[in-house]
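Values below: all heavy atoms of this structure, side chains included; hydrogens, waters and symmetry mates excluded. All values derive from a computational prediction rather than experimental measurement. All ligand and atom numbering here is 1-based and tracks the order in the structure.
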Amino acid sequence: MVSTRREFIKIGGTGVGAVALGSGVTTKWWGLDRDVVPDPRTDGDQVIPSFCELCFWKCGILAHVRDGKVTKIVGNPEHPLSRGHLCPRGTGGVGLLYDPDRLKKPLLRRSKKRGGQEFEEVSWEKALDFTAEKLLRIKKTCGPEKVALFSHGYGGTFFKHLLFAYGSGNVTAPSYGQCRGPREVGFQLTFGSPVGSPEVLDIANSRCITLVGSHLGENMHNTQVQDFARAVANGATVIVVDPRYSTAAGKARYWLPIKPGTDLALLLAWAHVIVAEGLYDREYVEKYATGFDELKKHLEDKTPEWAWAETSIAPELIVETARVIAGARPASLVHPGRHTTWYGDDVQRSRAIAILNALLGSWGRRGGFFIPTSMSVPPYPVPPYAAPAKTAQDHPDGVVYPFADEVLSHGVCDATIPGRVGGPGCPIKGWIVYGTNLIQALPQRQQTLDAIQHLELLVAIDVLPAEITGYADVVLPEATYLERWDDVGPTPWSEPFLAIRQPVVPPLAESKPGWWIAKELANRMDLGSYFPWDDAEKMVVARLEKGGVDVKALRTKGVLRGKKVPVTTEDGLELAFGTATKKIELYSARMAEAGLPPLPPYTRHPQPADGQFRLLFGRTPTHTFGRTTNNRFLSEVYAENEVWMNARAARERGLANGDEVVLVNQDGVRSQPTRLKATQRIRPDCVFVVHGYGHESPGLRFAKGRGLDDSRLVTKVEVDPVAGSTGMSVNFVTVEKAGAAAAAAPAAEA
Ligand SMILES: Nc1nc2c(c(=O)[nH]1)N[C@H]1C(S)=C(S)[C@@H](COP(=O)(O)OP(=O)(O)OC[C@H]3O[C@@H](n4cnc5c(=O)[nH]c(N)nc54)[C@H](O)[C@@H]3O)O[C@H]1N2
Ligand SMILES: Nc1nc2c(c(=O)[nH]1)N[C@H]1C(S)=C(S)[C@@H](COP(=O)(O)OP(=O)(O)OC[C@H]3O[C@@H](n4cnc5c(=O)[nH]c(N)nc54)[C@H](O)[C@@H]3O)O[C@H]1N2
Ligand code: SF4
Ligand SMILES: [Mo]
């Protein structure tokens, strides 16, 4: 299908070319002790640079401050990830900072049962004493590895450090096993290097961009979207493979509305055509890759006709797009995706994407993948960690995933339930949860809730009363990214740079920065030697000075950029691969040794029965899942999610656009009601919702009760045998009119 180009979602914020320099007004609080001059171009506002935390891309910001209040946030023109622009979410940081529902004081649970939502406000002293005492007791009676840290976001570094010092290696995040895990494993196995975040993609210089699911423009990673817009403006061909007509599909020359779950067949058929027609980069493959002969043999029967039956994409279109993709090589990029936990064979799909890119010779090439570089900062000297006594506790029932390179969150969750742990010793007893709302982020909620009820300690460190805080024994209110110092560290990118996170205004109410919370807990557990500095500002400055960094310049500009170095072969880079063979491994001997298919096989996944729809989920440009749905500024655009359903399928079921509907999954779990969006922009065998709505926490006074929570319906997963990640697009739903649903059966709680 060929579509016309349409106006692209506008990237929010204009680049105000102003950075505060020199000396003038002095402010002193929470470590911000520094001179800032009002800039005439900013109507006299103070302008303080830092970087964003509305998602994890880390764009450089300039916060405008007047009379002690942040008035607006714009992109830092000097910062290579924002280039003077922010995505709509980044500009909405003020809505988080001044959210009236923010956690303001430490809370201790009063109700007997976790989740009872009865708390008393206590002093920091009491909250920290309580937490440290419980942690020490678990360490003494069960061992330190019986405590796990779930951590999402840049501020988590201090708590990771605390946990390692305490003696546990169980640091985990849903952003691995429920997100990027399979992609990183697939690329690591093939190229000896993960894709990383921010992704190492030279989209701006691509001549052909193939998106398999990745819905750029709704998935709003600032730099990628800017680069994508630039490539499109320069005439790059866009190919979008998506059962839904995404924003990106609106920019595409080809939209391939694939049958969900069959992408591997298309990827293999593309590779078949590219190899059979000799369209691959022969020189590159001969020089850098191993296993081409095995791959060629593997692809022999993966013909476009074979793939047609699986994917519903016509063979002529598969051949035509394969030629277009190969025609643009090496500046032809098959995007590796990010949220890749779909069907349980996700590492194999990621491997197929990696192999395609290898055939195109796009790894290490302009318009393909660059090899990132970074600036380093020397560490602050601390004692060595005591090695964890036992290995990661994420393998319940003794199942080991050979290539998982991070601890698995759902594994930790299972290992918390007595009887589920393979090895000796007691199950996991304590969770520290930093910046992740496990209730919405993890699939199979019942399991998460069961695990929580078995804990001796659940500490939640958050900025908002997210669902997870309702289940905590103790809630520690963190200051937001605009109110705190964080550690300083390199961000690998196409050019070396160093950015700084520094406070813009003082912390609200009694909220405290993460570094302070971690340090205070360490002091109470005889681990003070791991935090041998007075405050994070002094620690960061000491590190920077030791590294010879111009601290004043960094603090006033927010970012320092190093000298450009070659990041592609076109710049003169010699490619090297971190695999065992030091080559790109098309055929993976390591996987064969582990008893796994060494070349990506096609697996046919169950399809929904008549009347059922596959539940798919994704993003909207103005929100970062449930993280921002309580943000009143950002919610002016999309306050409630809707269910996308094919217009004809809706009509056949007597449903109309705007109807209130309820989704019921294969296990009888019902969603909250929300509006139906009947549209031709989606296949008739699936429905789509934006993730992160349907909050139930009473403290989220704006978001509560708006839209439906897709994660409630994810009661089934397919676990990837390679990475242990959970494929979550395997749930089927029926769609009912809301009123009818209520009359038919009482709502079951998920
Ligand atoms: N059903 C379903 N499940 C999914 C997904 C899906 O699409 N559908 N997506 C998956 C993906 S891709 C990912 S990455 C994960 C992400 O899921 P999570 O790991 O839960 O990530 P967030 O939603 O960003 O976490 C938000 C939590 O961090 C808090 N927070 C925000 N800022 C700060 C801060 O500065 N400090 C502290 N301490 N807390 C803060 C918020 O209030 C909120 O409670 O979910 C996965 N799970
Ligand atoms: N605005 C905004 N941007 C974000 C985020 C956010 O919350 N808000 N979250 C960030 C995070 S943590 C992540 S991981 C990324 C996620 O963003 P992506 O990596 O783009 O997420 P996906 O799940 O790959 O993309 C969902 C798209 O895949 C399509 N899809 C579903 N099933 C299939 C299938 O079987 N085959 C194919 N070909 N397509 C399918 C859906 O229709 C939808 O368009 O976004 C990041 N960017
Ligand atoms: S992409 Fe948007 S939300 Fe994410 S860091 Fe950048 S500006 Fe902030
Ligand atoms: Mo993610």
Query raised in the report: For ligand 2, what are the residues with a heavy-atom contact below 4.0 Å?
Result: Arg89, Cys179, Val212, Gly213, Ser214, His215, Glu218, Asn219, Met220, His221, Val241, Asp242, Pro243, Arg244, Ile258, Pro260, Gly261, Asp263, Arg338, His339, Trp342, Tyr343, Leu616, Phe617, Arg619, Thr620, Pro621, His623, Thr624, Phe625, Phe688
**Report entry** Nearest-0.5 Å distance, CD1 of residue Ile461 to OG1 of residue Thr436
**Finding:** 12.0 Å
Requested in this report: Considering the heavy atoms of Ala466, write down every atom of ligand 1 situated less than 4.0 Å from one of them.
Outcome: 44 (O)
Report task. Please name the residue in the list Phe150, Trp516, Tyr434 that meets the ring pair (Phe, Tyr, Trp, His ring centres under 6.0 Å) test with Phe159. Result -> Tyr434
Query raised in the report: Which of the numbered atoms in ligand 1 are below 4.0 angstrom from a heavy atom of Arg484?
Result: 34 (C), 35 (O), 36 (N)
Query - Gap between atom NE2 of His410 and atom CD of Gln444 - 0.5 Å precision - result: 8.5 Å
Requested in this report: Provide the number and element of each atom of ligand 3 under 4.0 Å from a heavy atom of Arg89.
Outcome: 1 (S), 2 (Fe), 3 (S), 4 (Fe)
Requested in this report: Please could you name the atoms of ligand 1 that Asp710 approaches to less than 4.0 Å, counting only its heavy atoms?
Outcome: 1 (N), 2 (C), 8 (N)
Report task. With Glu199 as reference, evaluate Arg180, Arg338, His335 under the side chain to side chain donor-acceptor pair (under 3.5 Å) test and give the passing residue. Result -> Arg338
**Report entry** Aromatic ring proximity, centroids under 6.0 angstrom, His79 and Phe497
**Finding:** yes
Query raised in the report: Rounded to the nearest 0.5 Å, what separation is found between the CG atom of Asp685 and the CZ atom of Phe732?
Result: 9.5 Å
Query raised in the report: Would you say His221 reaches atom 2 (Fe) of ligand 3 with an N/O/S atom under 2.8 Å?
Result: no
Query raised in the report: Which heavy atom of the protein is the closest neighbour of atom 2 (Fe) of ligand 3, given with residue, atom name and distance?
Result: Cys87 SG, 2.4 Å
Requested in this report: Below 4.0 angstrom from a heavy atom of Asn222, which ligand 3 atoms are there? Numbered from 1 as shown, please.
Outcome: 1 (S), 6 (Fe)
Report task. Please could you name the atoms of ligand 3 that Met220 approaches to less than 4.0 Å, counting only its heavy atoms? Result -> 1 (S)
Query raised in the report: Measuring to atom 8 (Fe) of ligand 3, does Cys55 have an N/O/S atom at a distance below 2.8 Å?
Result: no
Query raised in the report: Looking at Lys58, which atoms of ligand 3 are within less than 4.0 Å of one of its heavy atoms?
Result: 5 (S)
Report task. Report yes or no: is the cationic atom of Arg183 (NZ for Lys, CZ for Arg) under 6.0 Å from the centre of the six-membered ring of Phe187, at an angle within 45° of the ring normal? Result -> no
Query raised in the report: Taking all non-hydrogen atoms of both residues, which atom of Cys87 and which atom of Met220 are closest, and how far apart?
Result: CB-CG, 3.4 Å
**Report entry** Per-atom contacts, ligand 3 versus Leu54 - under 4.0 Å to a heavy atom
**Finding:** 3 (S)
Query raised in the report: Looking at ligand 1, does any of its N/O atoms fall within less than 3.5 Å of an N/O of Glu53?
Result: no
Report task. Give the numbers and elements of all ligand 1 atoms closer than 4.0 Å to a heavy atom of Gln440. Result -> 3 (N)
**Report entry** Atom indices of ligand 1 within 4.0 angstrom of Val463 heavy atoms, with elements
**Finding:** 30 (N), 31 (C), 32 (N), 33 (C), 34 (C), 35 (O), 36 (N), 39 (N), 40 (C), 42 (O)
**Report entry** Those atoms of ligand 1 less than 4.0 Å from some heavy atom in Ser711
**Finding:** 1 (N)
Query raised in the report: Is Glu310 salt-bridged to Lys259, going by a charged N under 4.0 Å from an acidic O?
Result: no
Query - Nitrogen or oxygen of Thr480 less than 3.5 angstrom from that of ligand 1 - result: no
Query - Exercise: identify the closest heavy-atom pair between Lys160 and Ser151 - result: CE-OG, 3.7 Å
**Report entry** Heavy atoms from other residues, nucleotides or ligands near CH2 of Trp308 exceed 12 (cutoff 6.0 Å)
**Finding:** no
Query raised in the report: Among all protein non-hydrogen atoms, which one is nearest to atom 6 (Fe) of ligand 3, and what is the separation to 0.1 Å?
Result: Cys59 SG, 2.3 Å
Query raised in the report: Angle class for the Trp57/His221 ring planes (parallel below 30°, perpendicular above 60°, tilted otherwise)?
Result: parallel
Query raised in the report: Is it true that Phe51 and Tyr154 have ring centroids separated by less than 6.0 Å?
Result: yes
Query raised in the report: For the atom pair CD1 (Ile73) and OG1 (Thr91), what is the distance rounded to the nearest 0.5 Å?
Result: 8.0 Å
Query raised in the report: Distance from Asn170 atom CG to Leu408 atom CG, nearest 0.5 Å?
Result: 11.0 Å
Query raised in the report: Which heavy atom of the protein is the closest neighbour of atom 8 (Fe) of ligand 3, given with residue, atom name and distance?
Result: Cys52 SG, 2.4 Å
